[in-house]
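See below for the structure under consideration.
In what follows, every chain begins at residue 1, and chains take the letters A, B, ... in the order their sequences are listed.
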Number of protein chains: 2
Amino acid sequence: MSPRRSVAETRLTRDRIVERGVAAASVDGLEGLTIGQLAADLGMSKAGVLGHFGSKEALQLALLDAAAAAFARIVWRPAELEPPGLPRLRAVCETWIDYLEHERQIFPGGCLFTTAAIEFDARGGPVRDAVARLHKLWRRRLVAEARTAVATGDLPRGTDPEQVAFELVGLFMALNQEIQLFADPNAAQRTRRALHRLLATAEHQQ
Amino acid sequence: MSPRRSVAETRLTRDRIVERGVAAASVDGLEGLTIGQLAADLGMSKAGVLGHFGSKEALQLALLDAAAAAFARIVWRPAELEPPGLPRLRAVCETWIDYLEHERQIFPGGCLFTTAAIEFDARGGPVRDAVARLHKLWRRRLVAEARTAVATGDLPRGTDPEQVAFELVGLFMALNQEIQLFADPNAAQRTRRALHRLLATAEHQQ
DNA sequence: CCTACCGATCGGTAGG
DNA sequence: CCTACCGATCGGTAGG
């Protein structure tokens with residue numbers, strides 16, 4: 001006898017759960033998310049949902065993983081077509097802004113990584129570690145591109161790459177808040193203005 | 001017969017609940033906070049805690065109120081000693097940074113307003129409205145000081161006050177994340193560097 | 001401000 | 001992937 005559901009079907013079901021779970025977590029947070037509500041949204045039983053992951057924590061890690069893969073595809077991959085340094089840094093900032101502007105399609109409640117960082121920054125455990133790891137990874141990449149931009153002379157000598165990355169992240173966070181809390185349609189333009197100033201004329205030396 | 005507890009005693013109990021509740025909400029969020037855990041922390045019954053407020057939503061609003069009063073006292077009041085415009089803007093940014101650096105005393109889990117904004121930005125209701133109102137109030141004040149600074153010539157002609165306020169908020173958010181998620185001791189210095197550049201040499205014209 | 005209690009829901013398990 | 005169930009906890013109420 002064949003199993004009641006094939007491996008491929010099981011995989012599809014898991015994907016459905018993850019897609020819906022990511023959207024739900026963007027609204028209620030990874031901790032605020034409940035398995036019962038997610039199951040009801042999907043027309044499944046709680047046990048049916050939980051069976052794919054084993055525990056809520058494993059589900060949270062799976063949702064983070066899937067969200068990070070989507071973020072890499074949307075924000076980082078297109079920028080890899082640009083040469084390293086300032087061109088690539090500019091490109092990733094542009095895709096990042098576009099992502100924050102249109103994230104409602106994938107994250108109806110706003111950037112899951114921002115939500116998760118706030119939710120877990122005062123705790124310990126594997127989920128907090130995974131969230132911090134993602135933020136560090138993206139920060140390191142921004143720093144690396146800024147460093148290359150300084151080396152090639154596209155950013156002024158003496159520019160501190162860490163400082164550039166720090167300020168970029170601040171702009172993205174401000175943009176996310178402006179969109180989610182105030183629904184300000186000018187926020188993206190404001191962010192681009194700050195961005196161009198930061199990457200064109202700024203001096204980052206102490 | 002006198003009542004079992006005087007009005008003054010009742011007030012003191014309420015203050016104890018609020019102080020502990022603000023600290024707990026900074027860790028778990030205004031929604032993640034539970035009345036049962038708060039009551040246990042205080043050595044009280046759930047009904048004893050809830051009786052002071054009537055509902056969890058009313059408790060959340062009371063905690064926001066108390067936190068906003070503390071924020072006004074710590075960040076805004078000292079800056080009022082400075083003349084309006086750039087001096088006052090600089091002063092409030094300094095007190096804001098100091099507050100974020102030392103907030104663990106009042107907010108062990110990090111800035112409650114940042115947490116609450118993320119927690120409620122995808123919802124409706126009175127708590128979301130109160131959170132948005134606070135953020136808008138502080139933003140308006142930053143804009144007003146920046147506008148005065150432009151009028152007095154302390155910031156370059158053509159500087160957009162809204163743009164300055166937006167970028168300042170981004171710096172504060174980045175600092176909060178840096179402290180809470182990464183515990184980076186250099187974060188405050190980095191923020192001051194960005195701040196001085198923003199308020200000294202930047203051109204904010206389109 | 002307490003005890004005692006309400007229905008609802010939580011994450012998770014047993015067994016099929 | 002389901003039903004049926006577990007103990008724990010949720011916000012809130014009654015009554016004193």
Interatomic distance where [atom1] belongs to [X] and [atom2] belongs to [N] [whole Å]:
| X | N | atom1 | atom2 | answer |
| --- | --- | --- | --- | --- |
| A/His52 | C/dG12 | NE2 | C1' | 16 Å |
| B/Glu57 | D/dG11 | CD | P | 13 Å |
| A/Ile17 | D/dC2 | CD1 | C1' | 13 Å |
| A/Gln37 | C/dA8 | CD | P | 15 Å |
| B/Ile35 | C/dC1 | CD1 | C1' | 15 Å |
| A/Leu59 | C/dC10 | CG | C1' | 14 Å |
| B/Leu50 | C/dC5 | CG | C1' | 15 Å |
| A/Met44 | D/dA4 | CE | P | 17 Å |

Flag side-chain contact, heavy atom, 4.5 Å: A/Thr114 against B/Ile118 |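 With C-beta onward as the side chain, the pair touches.
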Distance from A/Leu100 atom CG to A/Thr191 atom OG1, nearest 0.5 Å?
->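 Going from CG on A/Leu100 over to OG1 on A/Thr191, the span is 8.0 Å.
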Distance (rounded to the nearest 0.5 Å) between A/Glu167 CD and A/Leu199 CG |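 Taking CD in A/Glu167 and CG in A/Leu199, the distance rounds to 10.0 Å.
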When you get a sec, tell me which of [options] is the closest nucleotide to the side chain of [X]?
| X | options | result |
| --- | --- | --- |
| A/Thr13 | D/dC2, D/dC1, D/dG12 | D/dC1 |
| B/Thr34 | D/dG11, C/dC2, D/dT3 | D/dG11 |
| B/Ala47 | D/dG12, D/dC10, D/dA14 | D/dA14 |

Mind telling me whether A/Trp96 and A/Phe172 have parallel, tilted or perpendicular rings, with 30° and 60° as the class edges?
->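 Answer is parallel, since the angle falls under 30°.
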Take A/Arg192 and A/Glu94, measure what salt bridge (charged side-chain N to carboxylate O under 4.0 Å, His left out) needs, and give me the verdict at the end.
-> CA-CA 8 Å; A/Arg192 289 195 190 91; A/Glu94 283 297 331; 3.4 Å; yes
Salt-bridge present (B/Glu178, A/Arg139; N to O < 4.0 Å) |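 Salt bridge: yes.
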Reckon B/Leu33 touches a base, only the sugar-phosphate, or nothing at all at heavy-atom distances under 4.0 Å?
->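 The answer is sugar-phosphate, as B/Leu33 gets under 4.0 Å only of primed atoms, P, OP1 or OP2.
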Side-chain-base donor-acceptor pair under 3.5 Å for B/Lys46 and D/dG11 |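 Answer yes: a donor N or O sits under 3.5 Å from an acceptor.
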For DNA chain D, which consecutive runs of 3 or more Watson-Crick or G-U pairs (each distance under 3.5 Å) count as stems?
->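 Stems (3+ consecutive pairs) listed as C:1-16 with D:1-16.
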Please confirm whether the backbone N or O of B/Gln163 pairs with a side-chain atom of A/Arg193, one donor and one acceptor, at under 3.5 Å?
->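 Not at all, since once roles are kept as given, no pair shorter than 3.5 Å links the two residues.
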